[in-house]
Amino acid sequence: MATVSPTIPYFDFRKAQTPKKLVGLWRMMEGYRLPYLLANLSVGISALAKATTYILLWIFADTVTGNFAPFAGTLSRTLVYLALGFVGLAVVEGVFAFISGRLAAYSAEGITRRLRNFLFDHIQRLSFAYHSKTPTGDLIERVTSDVDAIRSFFNEQAIGVGRIILLFVVNFAAIWFINHRLALASVIAIPVVLLVSLWFFKRITKAYEAYQEQEARLSTTLQENLTGVRVVKAFARQGFEKGKFETDNWEKFRRGRRLLSMHALFWPLSDIVCGFQMLGGFVYAAILAINGEITIGTYPAYVGLVVWLIWPMRNLGRLIVNTSTGLVSYNRLMEIIKQEREPLTEGRVRPEGPVRGELTFENVSFAYEDGESDVVKNISFRVQPGQAVALLGSTGSGKTSLIKLLPRFHDYTDGRILLDGEELKDYPREYLRKQIGIVEQEPFLFSRSIRDNITYGVGRDVAQAEIEKAAKAAAVHDVILGFPDGYNTLVGEKGVTLSGGQKQRVAIARTLLKNPRILILDDSTSSVDTETEAEIRSALNALMENRTTFIIAHRIQSVMNADLILVLDKGEVVQMGRHDDLLAQDGMYRKIYEIQTRIDEELEEEILNSEF
């Protein structure tokens, strides 16, 4: 039985954006500040118990040597009380150390779980333009490695800094209570440790940022190779890909070596400084004890306290240096979080029912954000509800770019598009995309059952009869029944257990079950054989009734029955009309038709000749 994850307090991480990184990290803690402060308070109590242990040690030693009178009346009774005190302080120290670690882990894991959830949702809501220019591997690296660095910051570094500061304050106060001169002599090297730490902090920050950037490049290389493994094998490019990966991996190794070299240099320097500080403190305290300026019991108490004064400060230097990883990761995550989300629900026109499907393009032009020229130029035409419009043209002619304007994956830069008489930009994107069904040239199937893939996007419970009806219409029902588990058959990543034509037909069934008012078929029969294409086209012809349909294709046979055919070249409509009208014109359409007809005839003749 699946467990239900408990709810966590929601936080909009866009509120954490600020040039002051530590302030931003503090804002991230909203909802977890109290347990985190309690964790630090527990650290303070644990540190106080530790320091008090050495105070008891001081009292014990001087009581035994006769420097202090037994506070309980007799020596034996005093020793019993001191023993109980040692045990009690050890218990207090252990309990509050546990509470501190527990609360810090709770806060850190809660913050990062909430951060992951937010990033996943946020990335889904970013624009198509952002995803088209951002490598997938880079996003994966940030959502995994950088989020884990934030977790380490809260779980180890931030709480560690608080712990060290409290240990320093408590132990310094305890030494001050024992002897003022020993306290002052014990902190001479601390400013040096802090200065060295800050010097390394600035350099390690830059080195770690460079390392993370290269790790993201390596992740992108690996992701692209795994995604395109069939292409790599088909072209026997394993050697080339291996060389490319090794180049990126070597650069990561080089940057990682530089980062580790800085850490390796920092540790000996800090250890030497802290070691000399402790050695000097031991010698000075011994001289004072020999001269009778402090008691014998004071010396072991001081030795224990100064260790817990100096080594935490040495670790503070380490934490200051390691904090750079959390701050760099904060910056890298904020680069994603600061991106504007695609407004899905904004729009003046909010129809209660479905659209009719009447579309008017008036001098529509479009250019990508990073493009210098329009990829769609001054296109005008009109489509009545239920009509089929075909777009024909060479690769790069602007067919797909034009169609992407309908669901507002991109907004046109000039002219206007009217849907049922209203400006397309006045409709909410969410509403438009519910009215539009898309079958892409390269269909994507999730790693789920065939049933889940067909019902994906419907947004309601679907009866088995409806699923089978859509599958039959897409000519894939019999294929599905041929699998041992039928509709429960699990589909591998991107549908690798299905052939190209089978994946295409499952995608068509998914779109048909959605029952959209507007259909977009982006060369959706390109991955199937001639017989299957005929079956799909026959089913689609019936299902396209009363739906406005846009068909993108390279083959004349796929578009010849359309009510309107647009022939595009370099982003412009060079011909427009029905099949018979365009054949009568001396233009690109007739040339394409003649070339494809000649190829088909030659192929048919070759097949016939091969049979004899």
Side-chain angles (χ1 to χ4, degrees), residues 112 115-116 119-120 122-124 126 128-153 203-265 322 324-337 339 368 370 395-396 440-448 490-500 503 527:
T112 50
L115 177 58
R116 288 190 197 98
L119 284 169
F120 183 82
H122 182 70
I123 290 172
Q124 289 187 106
L126 296 179
F128 278 77
Y130 176 81
H131 283 288
S132 64
K133 64 184 180 183
T134 305
T136 303
D138 182 62
L139 287 176
I140 293 174
E141 180 68 22
R142 296 185 190 225
V143 175
T144 53
S145 178
D146 287 314
V147 168
D148 191 63
I150 295 293
R151 182 197 61 78
S152 296
F153 174 84
R203 283 150 184 80
I204 287 179
T205 296
K206 294 180 181 178
Y208 180 74
E209 188 168 5
Y211 176 79
Q212 285 293 87
E213 289 175 355
Q214 184 59 30
E215 188 170 18
R217 292 191 190 98
L218 189 66
S219 296
T220 299
T221 300
L222 179 60
Q223 180 263 330
E224 288 178 348
N225 180 269
L226 294 176
T227 302
V229 66
R230 292 168 185 77
V231 178
V232 174
K233 288 180 176 292
F235 287 89
R237 297 286 282 174
Q238 290 92 337
F240 172 81
E241 292 296 327
K242 179 175 179 289
K244 180 181 176 183
F245 183 84
E246 287 180 350
T247 300
D248 289 336
N249 198 26
W250 166 254
E251 180 62 21
K252 181 187 175 184
F253 167 79
R254 193 184 65 80
R255 296 186 185 189
R257 182 178 58 186
R258 180 170 181 268
L259 180 63
L260 291 176
S261 296
M262 289 184 178
H263 280 286
L265 180 60
N322 288 347
S324 62
T325 63
L327 299 182
V328 168
S329 293
Y330 167 83
N331 262 355
R332 285 167 54 82
L333 291 173
M334 284 302 129
E335 288 176 4
I336 299 176
I337 291 173
Q339 299 297 325
Y368 289 102
D370 54 353
T395 301
E440 296 183 334
Q441 185 175 0
E442 295 292 335
F444 182 91
L445 299 183
F446 293 91
S447 299
R448 303 171 188 173
L490 293 178
V491 179
E493 184 181 10
K494 293 193 176 179
V496 294
T497 58
L498 302 178
S499 68
K503 286 191 293 181
S527 300

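For N249, there are no side chain to side chain donor-acceptor pair (under 3.5 Å) partners two or more places apart in sequence or in a different chain. A search for salt bridge (charged side-chain N to carboxylate O under 4.0 Å, His left out) contacts involving R257 returns nothing, not counting sequence neighbours.
Using a 4.5 Å heavy-atom cutoff, the side chains of I150 and Y330 are in contact. The closest side-chain heavy-atom distance from R448 to L490 is not below 4.5 Å. The side-chain heavy atoms of V147 and L119, taken from C-beta on, include a pair separated by under 4.5 Å.
Considering every non-hydrogen atom in both S219 and E141, the closest pair reads OG-OE1, 3.0 Å. Heavy atoms only, all atoms of each residue included: L218 and F245 are closest at CD1-CE1, 3.5 Å. Closest of all the heavy-atom pairs between D248 and Q214 is O-NE2, 3.0 Å.
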Practice problem: Apply ring pair (Phe, Tyr, Trp, His ring centres under 6.0 Å) to Y130 and F128, showing your working. | Solution: CA-CA 5 Å; Y130 176 81; F128 278 77; over 10 Å; no

Exercise. Output, in order, the C-alpha distance, side-chain angles, deciding distance and verdict of side chain to side chain contact (heavy atoms under 4.5 Å, CB included) for I123 and V143.
Key: CA-CA 10 Å; I123 290 172; V143 175; 3.6 Å; yes

Quiz item: What's the verdict on side chain to side chain contact (heavy atoms under 4.5 Å, CB included) for F446 and V491, showing C-alpha distance, side-chain angles and the deciding distance?
Solution: CA-CA 7 Å; F446 293 91; V491 179; over 6 Å; no

Practice problem: Please report the C-alpha distance between L139 and H131 in whole Å, then the side-chain angles of each, then the deciding distance to 0.1 Å, and finally whether the side chain to side chain contact (heavy atoms under 4.5 Å, CB included) criterion is met. | Solution: CA-CA 10 Å; L139 287 176; H131 283 288; 4.2 Å; yes

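For the pair E335 and R332, the salt-bridge criterion is not met [side-chain N within less than 4.0 Å of a carboxylate O].
Heavy atoms of other residues, nucleotides or ligands lying less than 6.0 angstrom from CZ of R258 number 12 at most.
How far CD1 of I336 is from CG of D146: 8.0 Å, rounded to the nearest 0.5 Å.
The main-chain N or O of A129 is found under 3.5 Å from a side-chain atom of S132 such that the two form a donor-acceptor pair.
The stretch residues 204-222 participates, sequence neighbours left out, in these salt bridge (Lys or Arg N to Asp or Glu O under 4.0 Å) pairs: E215-K252.
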